[in-house]
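Remember, predicted model here, so these are calculated numbers, not experimental data.
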Amino acid sequence: MCLFCQFEKEAGIHTFLLRRELKSYAEYRQLKLVLQRYILIRRDDADDCYIRSYYFTHIGYFGITAELTMKNGFTKLDIIVNPTNLLNDSYMQTDLFTQRKLCKNVSMKLDEALAHIELSVNDFILSRIDLCINVFMTSPMVKAYLKLGKKSYKEFNVCKKVFEDTADNAHSLTVASRSYEVEIYDKEYEVAQRKHEPLPDGEYGKILRIETRLGRDFIESRIIKPEKLTRNLNDFLEEEEEIMERIIGYCFYPGTYMTIEKARSLIGSGQYKQQTKEIMQIILKSKTDIADTLCDIQQKYDLSDKSIQRIRRKLDMANINMVTLPVRDAKDCECDFLLGFSDIVKMKI
């Protein structure tokens, strides 16, 4: 039985970023005079300057942050928007923007805000968008998924990013490539830290957030008219699960996480050659990185690259993840398997 049938999942947009490359120093100077009066962060170094401003919140537009940058003579204005906060006129801690019919409302209200600095939505291009899924589950499951994610990301496809605070790293995992990032984290922990209200006894929350941040390279490959904000938001909401499933597939090994006993049982009952079964068992019980394990197996058994790929495909076809679910975590979660990250994205509630 799939334990996720009793849980809820919500998919939508968390934030997006609009960028304008400024045409002159005069335009930069004019914006700076306004934005620097409401500073969140400021850095000045010789000819370089960075300002993060809450100007729009000050004038009544929640969910909009402005970043003004000058570096080596290059100037730009970034507008970071949380559409849920913008439409609700307040901070919505865990909500996502999900409704395509409201894309026009987001664009109109943002246009209204930008008019205060004599700009409009059409003066910007979409430069980043964060697609998210909230999965509501038990605290032990959130904890187990964070541990499993750290063991099963594909190191040859992405690099791991870490925070300076080790506690933050314990509650999240971020992997990145040139055109996207994926972060998996305990959303309630992140909210508590932002509000400076730590969870009692370090308790985990009950929302697993899977967040895919798409950069400019990825966006340019998906959209035709980057300045058409309403249409772009609509398209990303429509294609969100397909996009996220593909990127998660790049980043994490596929298949269901299960205890080694259950995985061995499935392999033992499968119609595989004895050597194939033996190799599968070695993969499942390995304590080292998967890529290193496969390399050692290839050398030990004198196998070709194609032979290794065939064994991996057999595990994929059996829906067995090469990373196993620790027995202790299985007991805490009260189940002997957990869906893989790609299957979470695909699952229907």
Undergrad: Side chain of T84, backbone of F97: donor and acceptor closer than 3.5 Å?
TA: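 Yes; at least one donor-acceptor contact below 3.5 Å.
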
Undergrad: Do R313 and D316 sit within salt-bridge range, that is, some charged N less than 4.0 Å from a carboxylate O?
TA: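 Salt bridge absent between R313 and D316.
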
Undergrad: Would you call the rings of Y25 and Y28 parallel, tilted or perpendicular, taking 30° and 60° as the class edges?
TA: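 Y25 and Y28: tilted rings.
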
Undergrad: For residues 71-81, which residue pairs pass the side chain to side chain donor-acceptor pair (under 3.5 Å) check, not counting sequence neighbours?
TA: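 Qualifying pairs: R19-D78.
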
Undergrad: Measure the acute angle between the ring planes of Y54 and Y38, then classify it against the limits of 30° and 60° as parallel, tilted or perpendicular.
TA: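 Because their plane-to-plane angle is over 60°, the rings of Y54 and Y38 count as perpendicular.
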
Undergrad: Checking side-chain hydrogen bond (donor to acceptor under 3.5 Å, both in side chains) for the pair R43/Y50: CA distance, chi angles, key distance, verdict?
TA: CA-CA 5 Å; R43 294 192 296 269; Y50 168 81; 5.3 Å; no

Undergrad: Please round to the nearest 0.5 Å and tell me the distance separating atom CG of L229 and atom CG of L110.
TA: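 These two atoms lie 6.5 Å from each other.
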
Undergrad: Hey, do the aromatic rings of F56 and H116 have their centres closer than 6.0 Å?
TA: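 F56 vs H116: aromatic centres not under 6.0 Å.
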
Undergrad: Using salt bridge (Lys or Arg N to Asp or Glu O under 4.0 Å) as the criterion, list what pairs up with K161, not counting sequence neighbours.
TA: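 Expected list: E181.
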
Undergrad: Salt bridge check: are R20 and E27 linked by an N-O gap of less than 4.0 Å?
TA: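 Here R20 pairs with E27 in a salt bridge, since their nearest N and O are under 4.0 Å apart.
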
Undergrad: Applying ring-ring contact (aromatic ring centres under 6.0 Å, His included) as the test, list every pair that has at least one member in residues 294-315; sequence neighbours left out.
TA: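 Found none.
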
Undergrad: Please list every donor-acceptor pair under 3.5 Å in which a side-chain atom of residues 322-333 meets a protein atom from a residue at least two apart or in another chain.
TA:
| unit_1 | atom_1 | unit_2 | atom_2 | d |
| --- | --- | --- | --- | --- |
| D329 | OD1 | K147 | NZ | 3.2 |
| D329 | OD2 | K147 | NZ | 3.0 |

Undergrad: With clusters built from Ile, Leu, Val, Met, Phe, Trp and Tyr whose side-chain heavy atoms come within less than 4.5 Å, directly or transitively, what are the remaining members of the cluster of L17, listed by chain and number?
TA: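 Taking Ile, Leu, Val, Met, Phe, Trp and Tyr as members, L17 shares its hydrophobic cluster with I80.
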
Undergrad: How long is the straight-line distance from NZ of K104 back to OG1 of T230, given to the nearest 0.5 Å?
TA: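 It comes to 7.5 Å.
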
Undergrad: Assess whether side-chain hydrogen bond (donor to acceptor under 3.5 Å, both in side chains) is satisfied between T256 and N319, documenting all intermediate values.
TA: CA-CA 6 Å; T256 297; N319 198 29; 2.8 Å; yes

Undergrad: Would you compute the distance between atom CG of N82 and atom CG of D95 and round it to the nearest 0.5 angstrom?
TA: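 The distance works out to 9.0 Å.
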
Undergrad: Quick one: does R231's side chain get under 4.5 Å of C103's, heavy atoms only?
TA: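 The answer is no; the side chains never approach within 4.5 Å.
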
Undergrad: Are I283 and L294 close enough that some pair of their side-chain heavy atoms sits under 4.5 Å apart?
TA: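 In contact.
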
Undergrad: Look at E190 together with K187 and state whether they make a salt bridge at an N to O cut-off of under 4.0 Å.
TA: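 So E190 pairs with K187 through a salt bridge.
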
Undergrad: So, taking the atom named CG in L146 and the one named CG in L208, what distance separates them when rounded to the nearest 0.5 Å?
TA: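 Between atom CG of L146 and atom CG of L208 there are 6.5 Å.
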
Undergrad: May I ask you to decide if A11's main-chain N or O and N134's side chain share a donor-acceptor pair within less than 3.5 Å?
TA: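 Answer holds: no.
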
Undergrad: Could you list the donor-acceptor pairs under 3.5 angstrom formed by side chains in residues 239-250, with sequence neighbours left out?
TA:
| unit_1 | atom_1 | unit_2 | atom_2 | d |
| --- | --- | --- | --- | --- |
| E239 | OE1 | R222 | NH2 | 2.2 |
| E240 | OE1 | G12 | N | 3.1 |
| E240 | OE2 | G12 | N | 3.1 |
| E240 | OE2 | C132 | N | 3.2 |
| E241 | OE1 | K348 | NZ | 3.2 |
| E241 | OE2 | K9 | NZ | 3.4 |
| E242 | OE1 | R222 | NH2 | 3.2 |
| R246 | NH1 | Y250 | OH | 3.4 |

Undergrad: Apply side chain to side chain contact (heavy atoms under 4.5 Å, CB included) to F337 and T259, showing your working.
TA: CA-CA 7 Å; F337 73 89; T259 59; over 6 Å; no

Undergrad: Measure up the F252 and F341 rings against each other and bin them: parallel (under 30°), tilted (30 to 60°), perpendicular (over 60°).
TA: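 Ring orientation of F252 relative to F341: tilted.
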
Undergrad: Measuring from N105:CG to Q99:CD, what's the distance to the nearest 0.5 Å?
TA: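 Going from the CG atom of N105 to the CD atom of Q99 covers 9.5 Å.
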
Undergrad: Can T65 and Y55 be said to form a side-chain hydrogen bond (donor to acceptor under 3.5 Å, both in side chains), step by step?
TA: CA-CA 7 Å; T65 304; Y55 166 76; over 6 Å; no

Undergrad: Is any side-chain N of the basic residue among R42 and D44 closer than 4.0 Å to the acidic one's carboxylate O?
TA: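 Looking at D44 together with R42, the answer is yes, because their closest N to O distance falls below 4.0 Å.
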
Undergrad: Does the R100 side chain pair with the main chain of F236, one donor and one acceptor, at a distance under 3.5 Å?
TA: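 No; judged by distance alone, with no hydrogens or angles, the pair does not exist.
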
